[in-house]
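This report refers to the structure that appears directly beneath it.
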There are 2 protein chains.
Amino acid sequence: MNNDVILGKYFSLFNEIGIIEQLSRAFLEVQLPKGIIAPHFAVLNHLMRVNDGQTPLFLATAFQVPKTTMTHTLSGLSKHGLIEMRPNPKDARSKQVWLTEAGQELRNKTIAALGPYLQQVAEQVSTDELDTIVPILQKLREYMDEARNP
Amino acid sequence: MNNDVILGKYFSLFNEIGIIEQLSRAFLEVQLPKGIIAPHFAVLNHLMRVNDGQTPLFLATAFQVPKTTMTHTLSGLSKHGLIEMRPNPKDARSKQVWLTEAGQELRNKTIAALGPYLQQVAEQVSTDELDTIVPILQKLREYMDEARNP
DNA sequence: CTCCATTAATACGATATCGAACTAAATAGT
DNA sequence: ACTATTTAGTTCGATATCGTATTAATGGAG
């Protein structure tokens, strides 16, 4: 097959992915209280799914954002009482990020609120199709990730 | 299958998509001159693939961004001499966006520069796999798009 | 034709993102 | 043990995003 055709397919892929990302972010954000946006929720969700007590730098790496961005995101979460920053007992330069009750609650309520919408989506894209595309996307993501951090 | 399991799969899907979007944007932006970012390129590419002479409002709708954001993006492109804004002869309130030579050239050079990287990616994800996932993602995107604009 | 609701674009203010520079603490080399 | 380098986090300045309000042109109702 012609090279340009293959490249065209890749452009289509990244184009679809970009649009879906935008749409899914918009859907998430309408569920969130004013002043809380997707990156805030992503951090709450991560601290809950993995574990809290992680350092800001670790979070910045996990989300592939500059540390200054993570500082800003965390200060927003902290100001809204959704997380607590405590000193890191193992390193006086560092901090630990802990979820508050309010933070856990907001995360759970948001997940619950998204349920019905995802149900709707599930009627469009079957579980089989999901099981087909997610592993391929994972492989793609892992490769791109490696290519970025050589 | 359990509902929570299905929802979990959807979260994985949107999670992968979010990360891939971020990585692909980063790859694109390292190819772009300082001061030009992904949204600028997206507009140049759109004007080239579809056609130029479109209005700012039409572009804002196409990219699903607020008009104020598009105004800002276009002013950046204009400042760098990549597009020209002309009055719309059919409506004195409106404008038309035209590519300059420099704009066309930047778009083409960027596409060309991305080629080798996409070649690399193509070694990881086969054309067959692409043909499998792109239509599913299109279907998902179309549904989400409709759900957003009722 | 006149008035008024609608529409296209911009101005402005609030918050977000990110690179460069900075501070303080930890660690490596000698 | 002492100094130089590295590392964690913040501060600061530039630009981006987006909601609200504003201005100017349009188009429809009477």
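The chains referred to below are lettered A, B, ... by the order of the sequence lines, with proteins before strands, and numbering in each begins at 1.
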Could you check how far [atom1] of [X] sits from [atom2] of [N], rounded to whole Å?
| X | N | atom1 | atom2 | result |
| --- | --- | --- | --- | --- |
| B:Ile37 | C:dA16 | CD1 | P | 17 Å |
| B:Ile36 | C:dC18 | CD1 | P | 17 Å |
| A:Met70 | C:dC18 | CE | C1' | 13 Å |
| B:Leu57 | D:dT26 | CG | C1' | 14 Å |
| A:Lys67 | D:dT10 | NZ | C1' | 9 Å |
| A:Leu32 | C:dA16 | CG | P | 12 Å |
| B:Arg25 | D:dA16 | CZ | P | 13 Å |

Within residues 81-95 of chain A, residues whose heavy atoms come under 4.0 Å of DNA chain D:
A:Arg93, A:Ser94, A:Lys95
Would you call B:Arg107 and B:Glu105 a salt bridge, using N to O less than 4.0 angstrom?
no
Taking only side-chain nitrogens and oxygens of B:Thr68, does any of them come within less than 4.0 Å of OP1 or OP2 of C:dT10?
no
Just to confirm, is there a sub-4.0 Å distance from OP1 or OP2 of C:dT17 to any side-chain nitrogen or oxygen of A:His72?
no
For the residue pair B:Gln64 / B:Asp145, report whether a side-chain donor-acceptor contact shorter than 3.5 Å exists.
yes
Would you mind telling me which residue lines up with the more 5' stretch of DNA chain D, B:Gly35 or A:Thr71, judged by nearest nucleotide?
A:Thr71
Touch check for A:Ser75, heavy atoms < 4.0 angstrom, all strands: base, sugar-phosphate only, or nothing?
nothing
Is the ring pair B:His46/B:Phe58 parallel, tilted or perpendicular, if the boundaries are 30 and 60 degrees?
tilted
Are the side chain of B:Glu29 and the backbone N or O of B:Ala38 linked by a donor-acceptor pair below 3.5 Å?
yes
Taking side-chain hydrogen bond (donor to acceptor under 3.5 Å, both in side chains) as the criterion, tell me which of A:Glu16, A:Glu129, A:Gln124 meets it with B:Lys139.
A:Glu129
Quickly, which of A:Ile20, A:Val121, A:Val134 forms a side chain to side chain contact (heavy atoms under 4.5 Å, CB included) with B:Leu13? Name it, please.
A:Val134
